[in-house]
There are 2 protein chains.
Amino acid sequence: MFADFFTLRWRNSANSCLLNDVSHISGVRQAQKQQSRRALMDAGLRLLEHQNLSSLGMREVTREAGMSPAGFYRHFRDLAELGVALVEESLASLHAMIRSALAEQGDAEARIDRTVEVIAGHVRDHRAHVRFLARERHGGVQPVREAIAAELRRFAEEVAGALGAQPVSEGWSPEDVRMLAELYVDHMVSTAAAFLDAGSEGSDESESERRIARTARTQLRLIGVGRVHWLDS
Amino acid sequence: MFADFFTLRWRNSANSCLLNDVSHISGVRQAQKQQSRRALMDAGLRLLEHQNLSSLGMREVTREAGMSPAGFYRHFRDLAELGVALVEESLASLHAMIRSALAEQGDAEARIDRTVEVIAGHVRDHRAHVRFLARERHGGVQPVREAIAAELRRFAEEVAGALGAQPVSEGWSPEDVRMLAELYVDHMVSTAAAFLDAGSEGSDESESERRIARTARTQLRLIGVGRVHWLDS
DNA sequence: CACTTGGGATGACAAGTGTTCGCTGACTTC
DNA sequence: GAAGTCAGCGAACACTTGTCATCCCAAGTG
């Protein structure tokens, strides 16, 4: 069904992935395989809403995905490998969020409002991904933890770049810009996590969500005030 | 079969603690029991350095503690109950840290320095506890998660009280003091977590530790600048 | 068209799990 | 010192788990 697309797409790609090497066959076959892979990842993501990666069983995942236990090995060597795949996916969507937060225009106040809105929207739309990241950021699976930490560092660099270009940051040392970026990223993560368990704790969801948004905005405003008075201190 | 005992035991006591009610016997007996309880908790804490609570097995714990599987039930109903006990312990030590951070004297600069030092020292001395909190804060075991969240809220209140008493906060609305307190607590947690995996990633531990301390200090200073200029904005 | 390829299903394996049971022997109380 | 209490033990239970050799059959190939 996607045959032409996939062959076109994959034929001349120097494929490094051991499993899921799919470059030499083509057509319905790998479309199905990719579909099974997606089914496994979705099943995993669904199960991970109520537990964490290291307590997940592969039988559990295959059962949820409607597949036999052995089928798992055709796609992933490990559950850790599935975890890393999920990290990549989750971080891609998070990256998109950060970009759109950075791209905001207007005065400081409007940018803050839009940023917090973007975060809230992202948590609403990608709840499973965000929860997964929050859980596994300090979780028990080392490669997953490292992947998340590395990507968050890259985000901080990106934010630092954007902040450095703003007129408010004139005269700042690179280290100071960097620490400001880290502060923003940490705050973003904290806020996202707060939105997360505001939605899942039941009782008056939208009210506590508004409360979190208000707090986050005020905090960002405070940091902003610190920024404009940073050099005269 | 234990009918008579239990009815006698429970009938006229407004007893809230089912297990580990130890008030009526005395001497060597309960000292031994408490010792076993400690052994279980220590074993759990040791095992939790490389995995999270929901993937922990009780057989695993009892084995590590040098005890038979059935012995576990004399102390905890669940692994979740063990988890909650560990939360209480961990939060007690964290509470002590926060108090001593709040009690700092001197000008703002000196207080920031000492605060960051206190955090670093606490992570060094209670690594297992801190890691446990970081892991289970967003982990898969609901009661544990809630216990941590509730206590962190209480900490924020305490910090808010202390901040409100400072002369810098004159004219602030209670909500703003509160959001500032939350910002501080979040920052404290983030910093502690950063110290944590600075120590465990190997390569030049004390250098990256210093880097984190420097960043944290600068961030606190920035927030402080925001504080003093908050009202004129 | 026959023929190869390779996802997926099946069934079995050992090893591990949570939980319950009755028992023992050291402590406590009368 | 006899009777009562109960923390911890070892065995047994009914599972679930990861892994593998094996077979099946639709998709791809010449």
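Order of the sequence lines fixes the chain letters, A, B, ..., with proteins taken first and strands second; residue numbering starts at 1 for each chain.
Atom CZ of A:R63 is separated from atom C1' of D:dT17 by 10 Å (rounded to the nearest Å). Whole-Å rounding puts the A:Y73 OH to D:dG18 P distance at 7 Å. Rounded to whole angstrom, the span from the CZ atom of B:F72 across to the P atom of C:dT19 amounts to 9 Å. Atom NZ in A:K33 sits about 14 Å away from atom P in C:dA9, given to the nearest Å. We find that CD of B:Q35 is positioned 20 Å from P of D:dC6, with the value rounded to whole Å. The separation between A:R59 atom CZ and C:dT10 atom C1' is 11 Å, rounded to whole Å. Regarding B:R29, its CZ atom lies at a distance of 6 Å from the C1' atom of D:dT5, rounded to whole Å. Distance CD (A:E60) to P (D:dG18): 8 Å, rounded to an integer number of Å.
Residue-to-nucleotide proximity on DNA chain C shows that, of A:G71 and B:M58, the 5′-proximal contact is made by A:G71.
Side-chain contact between A:H187 and B:D186: absent, with no pair of heavy atoms (C-beta onward) separated by less than 4.5 Å. Side-chain contact between B:I223 and B:L180: present, with at least one pair of heavy atoms (C-beta onward) separated by less than 4.5 Å. The shortest distance between side-chain heavy atoms of B:R137 and B:R145 does not fall below 4.5 Å.
The nucleotide whose nearest atom lies closest to any side-chain atom of A:L79 is, among C:dC27, D:dG18, C:dT10, D:dG18. Across C:dG8, D:dC20, D:dG10, the shortest atom-to-atom separation from the side chain of A:A70 is found for D:dC20. Checking D:dA12, C:dC27, C:dA9 against every side-chain atom of A:R74, the shortest atom distance belongs to C:dA9. Of the candidates C:dC21, C:dG8, D:dC20, C:dG8 carries the atom nearest the A:S68 side chain, counting heavy atoms from C-beta on.
Remark: A:H75 is in phosphate contact with C:dG8, judged by side-chain N or O atoms under 4.0 Å from OP1 or OP2. Taking 4.0 angstrom as the limit, A:Q32 places none of its side-chain polar atoms (N or O) nearer than this to OP1 or OP2 of C:dG7.
Counting only distance, with no hydrogens or angles, the side chain of A:R135 and the backbone of A:L48 share a donor-acceptor pair below 3.5 Å.
Taking all atoms of both residues into account, the shortest heavy-atom contact from A:F155 to A:H95 is CE2-CG, 3.3 Å.
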